[in-house]
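Notes for the one structure printed next.
Along the sequence shown, residues carry numbers from 1. Note that the structure is a prediction, hence the values are computed from the model and not measured.
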Amino acid sequence: HVQLVESGGGSVQSGGSLRLSCVMSGYRYSSAACMGWFRQVPGKEREGVASIDTYGLTHYTDSVKGRFTISQDNANNTLYLHMNSLKPEDTAVYYCAAGGGGCTSSPGAYDYWGQGTQVTVS
């Protein structure tokens, strides 16, 4: 059974940093066309934040470019999101996701999701 588990969220001050982790089990990273991070706030659509494909190519939404970095540890089947210079508008529940199709910022293109981890920036 494929399982993704996020961790690393918390409450930080504006300008602070956090590193989110997503441990994947029952899933071979090379089998996924794309791994991604999304975030969602109440009353809003789920937003694509960053993605990385099987070739290591990355994509970031404009609002986080230059501040967030997506990376992976293949040996430990772990996906990371390094978040720097955090702003109050980054406050959301963050989810990791995996999909067998090409990389996209559309949530519907992803097959597997983690449970989410809360990030609060004050």
ILVMFWY network linking Leu4 to Val49, side-chain heavy atoms under 4.5 angstrom:
yes
May I ask you to check whether Phe38 and Trp113 place their ring centres under 6.0 Å from each other?
yes
So, for Tyr110 and Gly36, which heavy atoms are closest and what is the spacing to 0.1 Å?
CE2-N, 4.1 Å
Do Thr91 and Glu89 touch side chain to side chain, with heavy atoms closer than 4.5 Å?
no
Taking the side chain as C-beta and beyond, is there a heavy-atom pair between Thr61 and Phe68 under 4.5 Å?
no
Side-chain heavy atoms nearer than 4.5 Å, only ILVMFWY residues, links allowed to pass through others: does that put Tyr80 and Tyr112 together?
no
I need the minimum non-hydrogen distance between Leu18 and Gly8, along with the two atoms involved.
CD2-O, 3.7 Å
To the nearest 0.5 Å, what is the distance between OG on Ser71 and CG on Leu79?
7.0 Å
Taking every non-hydrogen atom, the tightest pair across Gly116 and Val93
CA-CG1, 3.8 Å
Please confirm whether the backbone N or O of Ala92 pairs with a side-chain atom of Arg39, one donor and one acceptor, at under 3.5 Å?
no
Would you say CD of Gln13 has more than 12 non-hydrogen atoms from neighbouring residues, nucleotides or ligands within 6.0 angstrom?
no
Do the non-hydrogen side-chain atoms of Ser122 and Ser14 ever get within less than 4.5 Å of each other?
no
Cys103 and side-chain contact (heavy atoms from CB on, under 4.5 Å): which partner among Leu57, Ile52, Asp53?
Asp53
Looking only at non-hydrogen atoms, find the nearest pair between Gly99 and Asp111 and report the distance.
CA-OD2, 3.7 Å
For Gln40 and Glu45, work out which heavy atoms get closest and say how close.
NE2-C, 4.1 Å
Within this structure, what is the CG-CD distance for the pair Leu81 and Gln72, rounded to the nearest 0.5 Å?
13.5 Å
Compare all side-chain heavy atoms of Asn77 with those of Val23 and state whether any distance is below 4.5 angstrom.
no
Polar side-chain atom of Ser106 near backbone of Gly108 as donor-acceptor pair, under 3.5 Å:
no
Heavy atoms, side chains only, cut-off 4.5 Å: are Arg67 and Asp90 in contact?
yes
Are side-chain N/O atoms of Ser17 and Asn84 paired as donor and acceptor at under 3.5 Å?
yes
Using the rule that two of Ile, Leu, Val, Met, Phe, Trp, Tyr join whenever any of their side-chain heavy atoms come within less than 4.5 Å, decide whether Val41 and Met83 are in one cluster.
no
Would you indicate whether the side-chain heavy atoms of Glu6 and Leu20 approach each other to under 4.5 Å?
no
Do Tyr60 and Leu86 share a hydrophobic cluster (ILVMFWY, side-chain heavy atoms under 4.5 Å, transitive)?
yes
Ile70 reachable from Tyr95 in the ILVMFWY side-chain graph, under 4.5 Å edges:
no
Under 3.5 Å donor-acceptor, Thr117 side chain and Gly9 backbone
yes
Are any of the side-chain heavy atoms of Ser105 and Glu47 separated by less than 4.5 Å?
no
Point-to-point distance, once rounded to the nearest 0.5 Å, from SG of Cys22 to CG of Asp73
12.5 Å
